[in-house]
Amino acid sequence: MSEIADNLKRIREKMEEAARSCGRTADDVALLAVSKTFPIDAIAEAVSFGQHQFGESRVQEAEPKVRALPQLEWHLVGHLQSNKSRLAAELFDVIHSVDSVKLAARLNDACLVLDKHLSILLQVDLGQEATKFGADPENIMETVSAVSRLPGLRLDGLMTIPPYFEDAEKARPYFRRLRQLRDALETEMPGCLGGRELSMGMSHDYAVAIQEGATIIRIGTAIFGERHRD
Ligand SMILES: *Cc1c(COP(=O)(O)O)cnc(C)c1O
């Protein structure tokens, strides 16, 4: 078996194990293969081993991949500049990195032109680091309320990238906080979220994220190997 096939098999087993450890099932967790920096050949190989959902972090890098393999489901996980929102709205099925009302409004405009209903997640900055992207959790109610009124978008849930910790357990409070935020939004603003997605967990901490309720894990290195750039 190829290395990618081996890796996918191992991750699916670990997903099962993590889900079982907290009374969930791995069927409730989507595995998003983050293929940034890797060529179409690597993606095609993952497809041949049953992988259908892929994540990219740059719109321009993703474009030829999406156009070559349009039958796959494509997610944008990296920061999106508003001047690329039109192309992003066209290429992607889900955008995880919406972090402001302004960006959401740009995507909404693009969707109205494209006659497309786009699934988005609101990226929340729980790390409170000035360098990180993401909406401020302090005024998330206002942000969600404004974004959920845009007719071209469906706000399906939340996404976060915690600070990097060698010890994955240290990321647990961030994952838990994202789940609590979603639960609070559902209680206090019924109907504002169109789905229950929690996009959280990467190669080194996805087991912990699953235990805290992740519904989408974003895995790059553990499937495709080390990258030479982000
Ligand atoms: C690159 C990237 C990932 C995948 O990271 P790995 O550690 O390689 O699994 C996940 N999410 C986002 C937002 C990324 O940019």
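Atoms considered below: every heavy atom in the structure, side chains included; atoms not considered: hydrogens, waters and symmetry mates. Order of listing sets the numbers, starting from 1, for every ligand and every atom in it. All residue numbers in this chain count up from 1 along the given sequence.
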Option with minimal heavy-atom separation from atom 7 (O) of ligand 1, where the choices are Ala222, Gly220, Ser203, Ala33: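 Checking each option, the heavy atom nearest atom 7 (O) of ligand 1 is found in Ser203.
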Candidate with minimal heavy-atom separation from atom 2 (C) of ligand 1, of Met202, Arg218, Lys36: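 Of the listed residues, Lys36 has the closest heavy atom.
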Check Glu169 with Arg172, please: is the shortest side-chain N to carboxylate O separation under 4.0 Å? yes
Take a 6.0 Å sphere around NZ of Lys170 and say whether it holds more than 12 heavy atoms from other residues, nucleotides or ligands.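 Not more than 12 within 6.0 Å, no.
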So among Glu212, Met200, Met159, which one has a side-chain contact (heavy atoms from CB on, under 4.5 Å) with Leu178?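 Testing each of Glu212, Met200, Met159 against Leu178, the sole residue satisfying side-chain contact (heavy atoms from CB on, under 4.5 Å) is Met200.
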I'd like to know if the side chain of Glu226 pairs up with that of Thr221 as donor and acceptor (distance under 3.5 Å, no hydrogens or angles considered).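 The criterion, which ignores hydrogens and geometry beyond distance, is not satisfied for Thr221 and Glu226.
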No-hydrogen, no-angle side-chain donor-acceptor test under 3.5 Å, Arg196 and Thr215: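 Judged by distance alone, the side chains do not pair up.
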Could you tell me which atoms of ligand 1, counted from 1 in the order shown, lie closer than 4.0 angstrom to a heavy atom of [X]?
X	value
Ile219	9 (O)
Ile161	13 (C)
Val77	12 (C), 13 (C)
Thr221	6 (P), 7 (O), 8 (O), 9 (O)

Applying side-chain contact (heavy atoms from CB on, under 4.5 Å) to Ile219 and Asn7, what does each step give before you reach the verdict? CA-CA 11 Å; Ile219 310 293; Asn7 290 344; over 6 Å; no
Using heavy atoms and a 4.0 Å limit, tell me yes or no: is Arg227 in contact with ligand 1? yes
